*Asks:* 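Quick one: the structure is below, questions incoming.
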Amino acid sequence: MSWAVYLVPLWILLVGVYGVATTRDLVHAIVCVSVAQSSTYVLLLLVGYRKGGTAPVFSDIAPGSRPVTDPVVQAMALTDIVVGATITAMLLALAVQVAKRRGTLDPGELRSLESAATDGHR
Amino acid sequence: MTPRARTAVFFAGAAGIAVLLLLALPGMPSFGLGAHPYGARAVRAGTDQDTPNIIASVNFDQRALDTVGEELILFAAALGAVVLLRAVRDERLRAGGDLRHGPADVFDALRLTGALLLPVTLVVGAYVVANGYSSPGGGFQGGVVLASALHLVYLAGDYPALKRLRPIPPFEVAESSAAALFVVSALAAGALTATERGARTVPWLNAVVGVEVACGFVIVLARFFEQALEIRPRRKEAR
């Protein structure tokens with residue numbers, strides 16, 4: 001049963017994608033993308049955990065005195081978070097432009113690119 | 001596609017993903033007990049080079065070239081937000097007199113809190129960046145703290161003061177220079193031997209990343225503020 005914890009990131013991923021698939025609002029969709037992406041943080045940290053381990057920072061513990069969690073996956077999680085934040089900013093900027101051009105944030109009302117172009121030239 | 005059909009398609013796809021991931025579960029390392037060959041080597045390499053924070057060692061020494069890529073993603077995203085969030089045709093920036101000068105009508109206590117927290121948060125941010133090589137923190141985390149510090153002025157209700165506090169052109173110059181400096185430093189560090197790197201390069205790269213992240217966040221947030229507070233359509237839409 002030691003693999004049961006890996007169900008958590010699986011669940012977070014599917015919940016996030018469910019939100020993207022059923023959303024009625026682009027800002028909500030962007031939040032859902034962030035939720036889905038956060039499953040990768042959880043997965044990375046779960047993979048890197050060691051029983052009884054502490055943070056891999058040796059400013060106040062002697063090297064080798066305690067098990068530490070895997071620093072490589074933690075560095076990847078850091079990268080992941082930074083990239084996730086910037087992607088969120090980009091998507092929100094796109095949502096701002098959609099709201100301006102089309103006057104709606106409901107993806108169900110954004111029918112085709114064609115009408116978007118005519119809208120923009122109005 | 002109707003919402004109902006879309007949900008049905010989602011559940012079919014989600015079921016497929018769930019089955020594949022569940023099949024992969026037994027092959028995962030057992031939680032907390034798996035071997036970490038890369039982690040153990042990264043710890044040894046970091047402590048050998050006098051970098052107590054192994055995560056900083058991985059990010060800014062052992063995998064510094066990957067961090068260059070990450071830096072450039074950050075840079076490109078900031079650039080993308082600036083391009084997307086400009087005033088388009090049929091829009092104008094509000095005239096100066098349109099935007100009230102001075103703080104909004106907020107409690108004095110809130111304004112005081114903002115004024116007191118600004119220097120404290122700036123110091124904390126600088127501390128987190130400067131000590132990133134030896135304690136939890138680093139350029140990415142500290143940069144975000146620094147950028148948040150400036151925006152405390154806005155949270156305390158004084159947007160015009162925030163505008164004066166962060167003129168955009170210097171921040172754009174600082175962000176681009178920090179990105180360029182990071183690439184040059186990371187490449188130049190390759191000329192140092194393994195024992196020379198670490199304690200020397202990690203604090204420096206942390207500082208460069210701190211500048212870039214802080215400036216990048218300030219620029220992106222400035223564009224969002226402009227959209228929300230300053231840009232108005234030239235004429236009312238006929239909706």
Side-chain angles (χ1 to χ4, degrees), chain A residues 1-7 9-11 13-14 17-18 20-22 24 43 46-53 55-61 63-64 67-83 85-90 92-94 96-97 100-101 103 108 120 122, chain B residues 3 6-7 9-11 13-14 17-18 21-22 25-26 28-34 36 38-39 42-44 46-47 52-59 63 66-67 70 73-74 76-78 80-81 84-85 88 91 134-136 138 140-141 144 213 216-217 220-221 223-224 227 233 237 239:
Chain A
M1 280 304 282
S2 70
W3 45 262
V5 284
Y6 296 112
L7 293 175
L10 170 61
W11 172 247
L13 173 71
L14 291 179
V17 180
Y18 172 80
V20 175
T22 58
R24 307 300 305 272
L43 179 64
L46 288 179
V47 168
Y49 179 71
R50 282 178 72 186
K51 243 192 178 80
V57 178
F58 294 100
S59 45
D60 53 357
I61 56 171
V68 292
T69 52
D70 193 329
V72 177
V73 290
Q74 297 206 353
M76 282 180 184
L78 174 63
T79 309
D80 202 352
I81 290 168
V82 173
V83 173
T86 55
I87 297 298
T88 304
M90 279 286 287
L92 285 173
L94 283 170
V96 166
Q97 289 297 347
K100 270 203 232 172
R101 295 276 169 128
R122 204 160 35 89
Chain B
R6 205 185 325 164
T7 311
V9 171
F10 163 78
F11 276 112
I17 292 176
L21 290 176
L22 286 172
L25 277 187
M28 293 295 284
S30 18
F31 178 61
L33 300 174
H36 295 281
Y38 294 112
V43 168
R44 211 175 310 136
T47 48
N53 182 353
I54 307 299
I55 299 161
S57 175
V58 170
N59 263 329
R63 287 177 59 235
D66 287 353
T67 309
E70 185 187 356
I73 290 176
L74 190 68
L84 281 171
L85 292 176
V88 293
E91 282 179 345
S134 69
S135 61
F140 288 109
Q141 299 91 325
V144 175
V213 170
F217 266 76
V220 170
L221 284 176
R223 293 294 160 164
F224 279 107
Q227 291 288 330
E237 287 199 41
R239 256 172 220 287

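As a basis for the values below, the full set of heavy atoms in this structure was taken, side chains included, without hydrogen atoms, waters or symmetry mates. Letters A, B, ... mirror the listed sequences (proteins, then strands); counts begin at 1. Predicted model, so just to flag it, every value in this text is computed and none were measured.
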*Asks:* Considering only heavy atoms, which portion of A:Ala55 lies under 4.5 Å from any heavy atom of chain B: side chain, backbone, both, or neither?
*Replies:*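 No part of it gets close to chain B.
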*Asks:* To check you understand the geometry: which heavy-atom pair defines the closest contact between A:Ala85 and B:Phe217, and what is its length?
*Replies:*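 Result for this residue pair: CB-CZ, 4.4 Å.
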*Asks:* For chain B, which candidate among A:Leu46, A:Asp60, A:Ile87, A:Ile81 shows the most heavy-atom pairs at distances under 4.5 Å?
*Replies:* A:Leu46
*Asks:* Any side-chain heavy atom of B:Leu84 sitting closer than 4.5 Å to one from A:Val96?
*Replies:*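 The answer is no, as the side chains (C-beta and beyond) never meet within the 4.5 Å cut-off.
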*Asks:* Does any backbone or side-chain atom of A:Leu92 lie under 4.5 Å from a heavy atom of chain B? Answer side chain, backbone, both or neither.
*Replies:* both
*Asks:* If the condition is side chain to side chain donor-acceptor pair (under 3.5 Å), which residues does A:Asp70 pass it with, not counting sequence neighbours?
*Replies:*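 Side chain to side chain donor-acceptor pair (under 3.5 Å) check on A:Asp70 returns B:His36.
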*Asks:* Looking at chain A, which one of B:Gly138, B:Pro29, B:Gly46 has the largest number of heavy-atom pairs inside 4.5 Å, strictly under?
*Replies:* B:Pro29
*Asks:* With a 4.5 angstrom heavy-atom cut-off, could you sort out which part of A:Val17 is near chain B: side chain, backbone, both or neither?
*Replies:* both
*Asks:* Check whether A:Leu13 gets within reach of chain B through its side chain, its backbone, both or neither, counting any heavy atom under 4.5 Å.
*Replies:* side chain
*Asks:* Under the ring pair (Phe, Tyr, Trp, His ring centres under 6.0 Å) test, which residues partner B:Phe10, sequence neighbours left out?
*Replies:* A:Tyr18
*Asks:* Which answer fits B:Leu21, side chain, backbone, both or neither, if we ask what part of it has an atom under 4.5 Å from a heavy atom of chain A?
*Replies:*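 Only the side chain of B:Leu21 comes within 4.5 Å of chain A.
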*Asks:* Of the backbone (N, CA, C, O) and the side chain (C-beta and beyond), which part of A:Val68 lies under 4.5 Å from a heavy atom of chain B, both, or neither?
*Replies:*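 For A:Val68, the side chain is the part near chain B, not the backbone.
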*Asks:* Measuring heavy-atom distances to chain A, does B:Ser30 have an atom under 4.5 Å in its side chain, in its backbone, in both, or in neither?
*Replies:* both
*Asks:* Step through the shown structure and confirm whether more than 12 heavy atoms of other residues, nucleotides or ligands are within 6.0 Å of OH on B:Tyr38.
*Replies:*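 Open: at most 12 neighbouring heavy atoms sit under 6.0 Å from OH of B:Tyr38.
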*Asks:* Would you say that A:Thr79 contacts B:Asn59 through its side chain, given a criterion of any heavy-atom pair below 4.5 Å between the two side chains?
*Replies:* yes
*Asks:* If you count heavy atoms of other groups shown closer than 6.0 angstrom to CZ of B:Arg6, is the number above 12?
*Replies:*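 Enclosed: over 12 neighbouring heavy atoms sit under 6.0 Å from CZ of B:Arg6.
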*Asks:* Which pair of non-hydrogen atoms, one from A:Leu10 and one from B:Ala18, has the smallest distance, and what is that distance?
*Replies:*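 What the structure gives for the nearest pair is CD1-CA, 4.3 Å.
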*Asks:* Heavy-atom distances under 4.5 Å only: say whether B:Arg44 touches chain A with side chain, backbone, both or neither.
*Replies:*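 No part of it gets close to chain A.
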*Asks:* With only heavy atoms counted, which part of A:Pro63 is less than 4.5 Å from chain B, the side chain, the backbone, both or neither?
*Replies:* side chain
*Asks:* Is A:Leu94 in contact with chain B via its backbone, its side chain, both, or neither, using a 4.5 Å heavy-atom distance?
*Replies:*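 Both parts, backbone and side chain.
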